[in-house]
Enquirer: 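Have a look at the structure that comes next, please.
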Amino acid sequence: PEDGRGMANGQILVSVATDPSLEPAMSRAAAVVTDMGGITSHAAIVSRELGIPCIVGTRLATRVLKDGDAVEVDATEGIVWRRDGSDRLE
């Protein structure tokens with residue numbers, strides 16, 4: 001669902017952006033990836049507070065990544081990729 005209620009612990013939250021309504025899902029997430037945002041965005045600030053990796057401003061994560069995709073995030077390098085190697089966002 002749009003509000004992240006169906007998200008299980010340890011999954012990666014991929015969203016256009018985040019706002020306070022997504023904070024329960026963010027607290028269960030292993031990482032957050034957004035299409036929009038920067039270092040002062042809601043996603044970046046809350047992720048930092050939660051101690052989870054976050055990549056913001058991808059511009060296309062929600063179009064490329066779909067529910068159920070096996071995804072890895074390297075927030076140090078700013079890279080998101082499907083484990084099957086078919087897509088890589090930098």
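For clarity, every value in this text was computed on a predicted model and none was experimentally measured.
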Enquirer: Could you go through the side-chain contact (heavy atoms from CB on, under 4.5 Å) check for Met36 and Arg59 one step at a time?
Expert: CA-CA 6 Å; Met36 299 174 15; Arg59 296 187 302 251; over 6 Å; no
Enquirer: What distance separates Ser41 OG from Asp19 CG, expressed to the nearest 0.5 Å?
Expert: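 Reported to 0.5 Å precision, the distance equals 11.5 Å.
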Enquirer: For Asp69, give me all partners under salt bridge (charged side-chain N to carboxylate O under 4.0 Å, His left out), at least two apart in sequence or on another chain.
Expert: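 Asp69 satisfies salt bridge (charged side-chain N to carboxylate O under 4.0 Å, His left out) with Arg82 only.
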Enquirer: Starting at CD1 of Ile12, measure out to CD1 of Ile52 and round the result to the nearest 0.5 Å.
Expert: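 One finds 10.0 Å between CD1 of Ile12 and CD1 of Ile52.
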Enquirer: Could you tell me which residues satisfy salt bridge (charged side-chain N to carboxylate O under 4.0 Å, His left out) with Arg83, sequence neighbours excluded, listed by chain and number?
Expert: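 With sequence neighbours excluded, Arg83 shows a salt bridge (charged side-chain N to carboxylate O under 4.0 Å, His left out) to Glu72, given in chain and number order.
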Enquirer: On a heavy-atom basis, which atom in Pro53 and which in Ala30 lie closest, and how many Å separate them?
Expert: CD-O, 3.2 Å
Enquirer: Is there a continuous path of hydrophobic side-chain contacts, each under 4.5 Å between heavy atoms, that joins Leu60 to Val73?
Expert: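 Both belong to a single hydrophobic cluster.
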Enquirer: Under 3.5 Å, is there a donor-acceptor pair between the side chain of Arg28 and the main chain of Gly10?
Expert: no
Enquirer: Does Thr62 reach the main-chain N or O of Val16 with its side chain, forming a donor-acceptor pair under 3.5 Å?
Expert: no
Enquirer: Determine whether Met26 and Leu13 make a side-chain contact, defined as any pair of heavy atoms from C-beta on separated by less than 4.5 Å.
Expert: yes
Enquirer: Which pair of non-hydrogen atoms, one from Pro20 and one from Pro24, has the smallest distance, and what is that distance?
Expert: O-CD, 4.0 Å
Enquirer: Please confirm whether the backbone N or O of Ala43 pairs with a side-chain atom of Thr18, one donor and one acceptor, at under 3.5 Å?
Expert: yes
Enquirer: Looking at CE of Met7 and OG of Ser15, how far apart are the two atoms once the value is rounded to the nearest 0.5 Å?
Expert: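 Those atoms lie 10.5 Å apart.
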Enquirer: Answer with yes or no whether the hydrophobic clustering places Ile55 together with Leu65; edges join I, L, V, M, F, W, Y residues whose side-chain heavy atoms lie under 4.5 Å apart.
Expert: yes
Enquirer: Verify the cluster assignment for Val14 and Val64: are they in a single hydrophobic cluster under the rule of side-chain heavy atoms below 4.5 Å apart?
Expert: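 Val14 clusters together with Val64.
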Enquirer: Mark yes or no for whether Gln11, through its side chain, and Ala8, through its backbone, hold a donor-acceptor pair below 3.5 Å.
Expert: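 Side chain of Gln11 to backbone of Ala8: a pair is present.
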Enquirer: Locate the shortest heavy-atom distance separating Gly38 from Ala44; write the atom from each residue and the value.
Expert: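 Heavy atoms of Gly38 and Ala44 come nearest at O-CB, 3.5 Å.
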Enquirer: Keeping the roles fixed (side chain from Thr58, backbone from Ala61), state whether a donor-acceptor pair exists under 3.5 Å.
Expert: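 The answer is yes, because a donor-acceptor pair under 3.5 Å joins these two groups.
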Enquirer: Mind checking the CG-CZ spacing from Asp35 to Arg63? Nearest 0.5 Å is all I need.
Expert: 6.5 Å
